[in-house]
Asks: 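Provided herewith is a single structure, encoded as structure tokens, for subsequent inquiry.
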Amino acid sequence: MTDASTPLVVGDVSRAAGSRPDDDLLQGLNPQQREAVVYRGNALLIVAGAGSGKTRVLTHRIASLLRNKEAWPSQILAITFTNKAAGEMRERVEQLVGQHAQGMWISTFHSACVRILRREAEQFGFTKSFTIYDSGDSRALVKRLVKEYEADAFGLTPAAVQSRISKSKNELVDAEAYARDANMSDPAERKFVEVFGAYQRALQKANAFDFDDLIGQTVYLFRAFPRVADVYRRRFRHILVDEYQDTNHAQYALIHELTRPVVGKAAEPYSAGGMMIFEPEHAPELEPASLTVVGDSDQSIYAFRGADIRNITEFERDYPGAKVVLLEQNYRSTQNILSAANAVISHNFDRKDKRLWTDVGEGEKIVGYTGYSQHDEAQFVADEIDVLRRGGMAYGQMAVFYRTNSQSRALEEIFIRAAIPYKIMGGTRFYERAEIKDALAYLTAVANPADEMAVRRIINRPKRGIGDVTVETIARYAADEGITFRDALANASALGVGPKLQTSITRLDAVLAEASAVMLPSSGEIAPPTAVAEGLSVLLDKSGYRDALRASRDPQDEARLENLDELVAVAREFARNNPDGTLLDFLTEVALVSDADDLEDASGTVSLMTLHTAKGLEFETVFLTGVEEDLLPHRISAGEPGGPSEERRLFYVGVTRARQRLYLTLAMTRAQFGEVSVAMPSRFLQEVPAELIDWRQSPGDVNSRGGTQSRALNARRPWGQRRTDDPPALRPKSTAMEKFPNRIPAKVRDNGDMELASGDRIRHEDFGDGIVDAVTGEGPKRVAHVRFDKAGAKKLLIKIAPIEKL
DNA sequence: TGCCCCACCTTTTTT
DNA sequence: AGGTGGGGCA
């Protein structure tokens with residue numbers, strides 16, 4: 001996080017004569033890639049298809065700029081989508097140019113903005129110790145305000161309010177601007193304006209930014225203070241943006257601000273919040289910085305949160321004279337996989353045609369499988385992983401993708417039973433766990449005492465007998481005295497609360513003060529690198545937080561203690577990597593780093609993740625599960641403009657992650673909301689040319705019950721009886737193509753409105769005869785509770801179960 | 001104030 | 001189905 005603060009040098013940077021110092025950087029690049037590396041001009045758009053080596057091109061381009069002495073490291077700003085991508089890029093540039101990589105800014109939009117805002121916060125009413133609200137924090141705040149303003153009476157749910165605020169900010173429309181254009185004759189709209197305004201005031205009061213503000217306020221800063229903007233325009237001469245198709249309007253505007261020409265005359269020497277800026281006495285007017293963007297509109301999957309695909313499609317208009325380079329040769333996947341991807345994505349009508357190709361050959365066919373249930377589907381995946389593993393493929397080379405996080409459950413259950421090591425990427429995040437948020441709130445209370453939310457969060461954790469009534473008393477006292485909530489804790493005796501409460505409050509105040517002394521030593525002293533970890537331990541121990549967990553009889557609290565230990569370990573690790581890192585640096589990193597970023601220890605385990613998380617990754621083998629209507633494409637996308645296309649791109653992203661083997665799997669029934677429902681094969685399956693898929697079990701097979709047995713049933717057999725002599729991969733290939741020529745079968749097994757009542761006798765293809773105990777549910781979701789003579793009690797979905805009435 | 005039970009809502013994706 | 005939050009009661 002620290003910056004080498006290289007003095008800014010502008011002007012002639014001479015080129016070495018003779019052979020280019022970057023010759024070796026061009027080795028092994030195809031002509032298009034080479035052009036993308038060597039082109040020099042104000043604007044360059046690299047349209048990079050999946051797997052076309054864009055990271056290579058980007059890193060080599062940066063290295064080339066450095067090697068040729070066309071730029072100092074400090075003049076380079078490279079923006080990536082995730083911290084992980086940033087780390088990888090830095091590493092690869094370092095491999096190419098060694099120490100010269102230091103001083104470059106390679107980071108996400110959010111991290112870059114935090115660095116700028118910390119330096120400039122005082123320019124506009126914040127202090128540099130501001131904290132960052134993640135979506136959970138924002139949600140909590142919105143929720144409180146919705147309640148306070150009784151906005152729910154107008155049909156405004158916290159989730160809706162939060163999303164509207166976020167969308168608005170992504171369009172650079174702040175609370176004031178929104179209020180100006182709002183339709184104030186609509187009472188619900190008026191209410192929203194009120195809440196939006198209150199939300200923003202609360203953030204300001206807490207000296208905090210939410211995710212969207214990090215970008216939006218930086219843009220505001222640049223526009224309101226051109227002199228500040230000029231500092232960064234002079235500094236960053238080469239700006240590179242990865243995943244440009246996923247930028248939203250605010251991010252677009254930020255880049256636009258940074259790539260304006262510097263028109264103002266250089267002002268007097270100017271120090272920007274710690275960054276020493278040396279400006280030559282006669283700073284010349286400067287050309288705009290050169291801008292390189294890389295993107296693929298076919299991989300735009302974040303429109304739902306404001307990403308604007310037009311940023312890439314209209315790049316040439318925004319930057320006249322821009323050069324466009326197309327990378328279509330794919331170095332990742334087999335031709336079969338690419339053909340499937342090309343075929344599916346070509347169904348999106350509003351795109352420029354682009355066809356990925358490779359010279360590595362056709363490769364294996366795509367394998368299709370249809371399970372009876374999601375457990376059955378998961379069992380197939382587990383069995384295949386087992387077979388591939390025995391064939392020599394490492395677990396780390398295999399990944400399972402799904403559309404929604406909830407789908408991971410069934411997979412996990414089966415994987416645990418099959419003893420397959422796996423790791424869930426993303427998912428329920430470590431940093432969203434209650435105990436971690438508590439611990440971070442303690443740290444925040446120390447780092448940014450203005451953050452009332454943080455103090456409120458921890459004031460009664462562990463239980464100190466400080467309830468709502470007392471909290472409000474403190475809040476009122478703070479307001480009356482004109483001090484912060486945090487400072488009010490120091491005057492417990494003046495609050496007019498009972499002696500027991502006074503003691504509790506004073507103790508908490510003392511703990512916070514002690515930790516503060518450890519982590520934020522008074523001026524002059526420098527906190528040792530371990531200060532954060534030590535301070536955190538002080539907070540957790542002396543507040544009684546750990547003791548309370550230890551004393552608890554809730555078995556989950558054991559795990560919570562371990563999580564806290566892990567957080568302390570993270571703090572130590574942070575200290576190792578950032579010897580000068582402060583408490584604020586730590587909190588910043590934690591707020592901006594997602595779990596998806598720590599993919600390092602995924603070796604040796606199968607990776608499970610959502611399709612969104614999968615973007616930018618690649619695996620030898622990919623299982624794309626739940627390829628069903630209403631799931632992929634997701635039901636909710638149907639109603640949104642551009643939704644179905646975006647889902648198709650999501651499918652495309654998933655398919656193109658696979659290097660050699662691709663599995664497309666689905667289930668005929670899926671339990672959702674605790675209810676079983678019938679699933680239909682996804683339309684995307686129809687869009688894959690039939691000859692590319694080898695169906696081990698097609699939807700047609702399942703519906704006609706071709707004598708195969710449910711794997712879920714296999715799985716329930718005792719271990720010894722498992723048919724190890726019949727591993728799935730060695731089974732005769734299905735000839736089901738004619739039964740399911742890649743068309744959604746017209747004859748799904750359908751019992752129609754079969755009437756069943758308790759007492760009826762039925763016959764099931766697998767379970768034999770039984771008697772109906774009860775029927776629950778309605779319509780197509782009616783479920784029969786059946787006691788089978790041999791197989792015991794089962795619940796069956798009447799509409800599709802292979803049963804007949806006797 | 002704290003605990004327990006019930007109702008409800010979830011499940012789209014994330015920096 | 002499972003988790004969370006709110007409300008009511010001790």
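Numbered from 1 within each chain, the chains take letters A, B, ... in sequence-line order. All figures in this text were calculated on a predicted structure; none of them were measured in a lab. Side chains included, hydrogens not; waters and symmetry mates left out as well; all remaining heavy atoms used.
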Asks: Taking atom C1' in both C:dG6 and B:dT11, compute the distance separating them and give it to the nearest angstrom.
Replies: 22 Å
Asks: Need one value for A:T470: base, sugar-phosphate or nothing, where a base atom within 4.0 Å counts as base even if backbone is also close, heavy atoms only.
Replies: sugar-phosphate
Asks: So, under a plain 3.5 Å distance rule, would you say the side chain of A:R403 forms a donor-acceptor pair with the base of B:dT11?
Replies: no
Asks: If only side-chain N and O atoms of A:N83 are considered, is one of them under 4.0 Å from the OP1 or OP2 phosphate oxygen of B:dT15?
Replies: no
Asks: Would you grab the first and last nucleotide of DNA chain C (5' to 3') that comes under 4.0 Å of any non-hydrogen atom in chain A?
Replies: C:dA1 to C:dG5
Asks: I need a per-nucleotide contact map over nucleotides 2-10 of chain B, read 5' to 3'. Cutoff is protein heavy atoms under 4.0 Å; write B for the base, S for backbone only, - otherwise.
Replies: SS------B
Asks: Among the nucleotides B:dT12, B:dT14, B:dT15, which one has an atom lying closest to any side-chain atom of A:T613?
Replies: B:dT14
Asks: Any donor-acceptor pair under 3.5 Å between the side chain of A:H612 and the base of B:dT13?
Replies: yes
Asks: Within the 4.0 Å heavy-atom criterion, would you say A:S135 contacts the bases, only the backbone, or no part of the nucleic acid?
Replies: base
Asks: Over how many whole Å does the gap from A:L611 atom CG to B:dT14 atom P extend?
Replies: 10 Å
Asks: Hey, is the side chain of A:T82 poking within less than 4.0 Å of OP1 or OP2 on B:dT14, counting only N and O atoms?
Replies: no
Asks: Using the closest heavy atom to pick a nucleotide of DNA chain B for each, name whichever of A:V469 or A:H110 lands nearer the 5' end.
Replies: A:V469
Asks: Measure CG/A:L631 against P/B:dT13 and give the value in whole Å, please.
Replies: 11 Å
Asks: Can you tell me if A:F304 is stacked onto the base of B:dT13, using a 5.5 Å centroid cut-off and an angle below 30°?
Replies: yes
Asks: Could you tell me whether A:Y302 contacts a base, only the sugar-phosphate backbone, or nothing, with contacts defined as non-hydrogen atoms closer than 4.0 Å?
Replies: sugar-phosphate
Asks: Under the salt bridge (Lys or Arg N to Asp or Glu O under 4.0 Å) criterion, do A:D451 and A:R456 qualify, and how do the steps go?
Replies: CA-CA 9 Å; A:D451 193 338; A:R456 277 174 183 258; over 6 Å; no
Asks: Over 60° means perpendicular and under 30° means parallel, so tell me whether A:F651 and A:F684 are parallel, tilted or perpendicular.
Replies: tilted
Asks: Would you mind reading off the distance between A:N170 atom CG and B:dT14 atom C1', rounded to a whole angstrom?
Replies: 12 Å
Asks: Anything under 30° is parallel, anything over 60° is perpendicular, the rest tilted; go ahead and classify A:Y302 against A:H612.
Replies: tilted
Asks: Taking B:dT13 as the reference, what is the distance to C:dT4 when you measure between their P atoms (whole Å, please)?
Replies: 16 Å
Asks: Would a 4.5 Å heavy-atom cut-off, applied to side chains only, mark A:K169 and A:D174 as touching?
Replies: no
Asks: Measure the distance from CE on A:M425 to P on B:dT14 and round it to the nearest whole Å.
Replies: 12 Å
Asks: So if I apply the side chain to side chain contact (heavy atoms under 4.5 Å, CB included) rule between A:F109 and each of A:I255, A:T80, A:N248, which one comes out positive?
Replies: A:I255
Asks: At 4.0 Å (heavy atoms only), tell me whether A:K147 reaches a base, stays on the sugar-phosphate, or touches nothing.
Replies: nothing
Asks: Starting at atom CG of A:D213, determine the distance to atom C1' of B:dT15, rounded to an integer number of angstrom.
Replies: 13 Å
Asks: Take the angle between the ring planes of A:Y232 and A:F222 and call it parallel below 30°, perpendicular above 60°, tilted in between.
Replies: tilted
